[in-house]
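Every number for a ligand or one of its atoms is a count from 1 in the order of the listing.
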Amino acid sequence: MHTQRLVDTVKALVAGDRGLLAMDESTPTCDRRFAKLGIPQTPDMRRAYRDMIVTTPRLGDCISGAILYDETIRQETKAGVPFAQALEKANIIPGVKVDAGAKPLAGHPDEQVTEGLDGLRDRLAEYAGMGARFAKWRAVITIGAEIPSRGCIEANAHALARYAALCQEAGIVPIVEPEVLMDGEHTLERCRAVTEETLHTVFDELHTQGVLLEGMLLKPNMVLPGLAAADQSNADDIASATIGCFLRTVPAAVPGIAFLSGGQSSELASIRLNAMNLAFKGRMPWALAFSFARAIQQPALEIWRGQAVNVVAAQKALFHRADCNRAARRGEYDAAADAPAAAPH
Ligand code: 5MM
């Protein structure tokens, strides 16, 4: 086991007030987002979009690590620098998503299990050779009248733990992402109960598979009411429910928790992260950071729209969101002052 290397990488990812940028949308997801804005769905447009992100001036001030997708880690900036190398030069640790996506779980209608363990040892060695120092695997848990089932939670927790063990064997830090989806009418309390059961099961499996807790990061959902719930809760209640749930389930040996944004607006994601860091400052055993995709990228994508002429404005918007979340890590995010015009360029 590469204990020291793993611990050093995790520490660097969550040190200070920086956080992670997820830019690991699979081709179908990226194309869907491009299609909505009329952007051509080609490998070169996806490359150009990731180029805009990675070459954003001073991005490394706010972002400690960036999660790439298989296609992206094989691509280069316009200047011919492989993306993983360009990130390192910008003081951003490169990582890569290694799961093969969520597929229907046999015998469990409306539930999914994430695949990708076959051949993972070899793929991890290849990604390490391309510069990846951490990896990510996302499991999806859906809340419904009769779900999630134990079968779904256990299958996903087992896969997450086997993935994490393989990563650590390769000297790569695993980011363990069990996402309880926001879709539905469920209450805050129901999300808390499902998230609690999921995390208990995940950490039980991580223990069974011998995963070094000090050498991993957790990327969970915030505890939130369903998107269609009548009561949307305030940021303080969400902060209490989320941190209360983690204090009962996430061992203190885990160095950091880096949230996914899950479809929240950019501003709400920052407001809620800020509320947690403000209310629980000094009372949490782990760093509380971010690993957002949509909540950092969406405003920039809407400005960029595939046009080279929009690159500078899109980069300002991207930096602005990253900087807002950096402030939220310190509990200093000012939602009232948050407007793209306040971007520091
Ligand atoms: C939940 O999605 C992850 C975080 O993104 P958000 O902050 O937008 O919720 C994200 O890393 C996700 O896993 C990737 O975008 C890959 O998604 P797909 O569905 O394309 O595999």
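- Between Arg326 and Glu332 there is no salt bridge, since no side-chain nitrogen of the basic residue lies less than 4.0 Å from a carboxylate oxygen of the acidic one.
- The distance from ligand 1 to the heavy atoms of Gly262 drops below 4.0 Å at these ligand atoms: 6 (P), 7 (O), 9 (O).
- The single protein non-hydrogen atom nearest to atom 13 (O) of ligand 1 is Lys136 NZ, 2.4 Å, given as residue, atom name and distance.
- Using a 4.0 Å cut-off between charged nitrogen and carboxylate oxygen, Arg47 and Asp44 count as a salt-bridge pair.
- Using a 4.0 Å cut-off to heavy atoms of Glu25, the atoms of ligand 1 that qualify are 15 (O), 16 (C), 20 (O).
- Under a 4.0 Å heavy-atom criterion, Gln297 is not in contact with ligand 1.
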| message | Go through it in stages, so that I can follow the logic: the residues are Arg192 and Glu197, the test is salt bridge (Lys or Arg N to Asp or Glu O under 4.0 Å), and I'd like the CA-CA distance, side-chain angles, deciding distance and then a yes or no. | response | CA-CA 9 Å; Arg192 177 185 164 127; Glu197 183 183 353; over 6 Å; no

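- If you check which protein heavy atom lies closest to atom 15 (O) of ligand 1, you get Asp24 OD1, 3.5 Å.
- Partner Thr72 forms a side chain to side chain contact (heavy atoms under 4.5 Å, CB included) with one of Glu25, Arg46, Arg50 and no other, that one being Arg50.
- Ser261 OG, 2.5 Å is the protein heavy atom nearest to atom 7 (O) of ligand 1.
- Between Ser291 and ligand 1, not a single N/O pair is under 3.5 Å apart.
- For ligand 1, the atoms closer than 4.0 angstrom to any heavy atom of Phe292 are 7 (O).
- The N/O atoms of Arg33, backbone and side chain alike, include none that comes under 3.5 Å of an N/O atom in ligand 1.
- Comment: Arg58 engages Asp61 in a salt bridge, judged by a side-chain N to carboxylate O separation of less than 4.0 angstrom.
- Considering backbone and side-chain atoms alike, Asp99 places every N or O at 3.5 Å or more from each N or O of ligand 1.
- Remark: distances from the non-hydrogen atoms of Met23 to ligand 1 are all 4.0 Å or more.
- In this structure, Phe259 has its ring center under 6.0 Å from that of Phe246.
- Those atoms of ligand 1 that come under 4.0 Å of a heavy atom in Thr29, given as number and element, are 18 (P), 19 (O), 20 (O).
- For a threshold of 3.5 Å applied to N or O pairs, the pair formed by Ala293 and ligand 1 contains at least one separation below that value.
- Across Met182, Gln264, Glu177, heavy-atom proximity to atom 3 (C) of ligand 1 is greatest for Glu177.
- The shortest N/O to N/O separation between Ala295 and ligand 1 does not fall below 3.5 Å.
- In this structure, Asp24 pairs ionically with Lys136, as a charged nitrogen and a carboxylate oxygen lie closer than 4.0 Å.
- Each of Tyr69, Trp304, Phe83 was compared with Tyr49 under the ring-ring contact (aromatic ring centres under 6.0 Å, His included) criterion, and only Trp304 meets it.
- Which parts of ligand 1 touch Lys219 is read off a 4.0 Å heavy-atom cut-off, strictly below it: atoms 3 (C), 4 (C), 11 (O).
- Between Ile67 and ligand 1 there is no heavy-atom distance shorter than 4.0 Å.
- The pair Arg329-Asp17 fails the salt-bridge criterion, with no side-chain N (NZ, NE, NH1 or NH2) lying under 4.0 Å from an Asp/Glu carboxylate O.
- Across Lys97, Glu179, Arg138, heavy-atom proximity to atom 21 (O) of ligand 1 is greatest for Lys97.
- The side chain to side chain contact (heavy atoms under 4.5 Å, CB included) test with Leu218 is passed by exactly one of Pro255, Pro174, Pro178: Pro178.
- Remark: ligand 1 atoms within the under-4.0 Å shell around heavy atoms of Arg294 are 6 (P), 7 (O), 8 (O), 9 (O).
- Of all the atoms in ligand 1, the ones that sit under 4.0 Å from a non-hydrogen atom of Ala22 are 11 (O).
- Taken together through direct or relayed side-chain contacts under 4.5 Å among Ile, Leu, Val, Met, Phe, Trp and Tyr, Leu199 and Val194 form parts of separate hydrophobic clusters.
- In summary, Arg321 and Glu267 engage in a salt bridge, as defined by a charged side-chain N under 4.0 Å from a carboxylate O.
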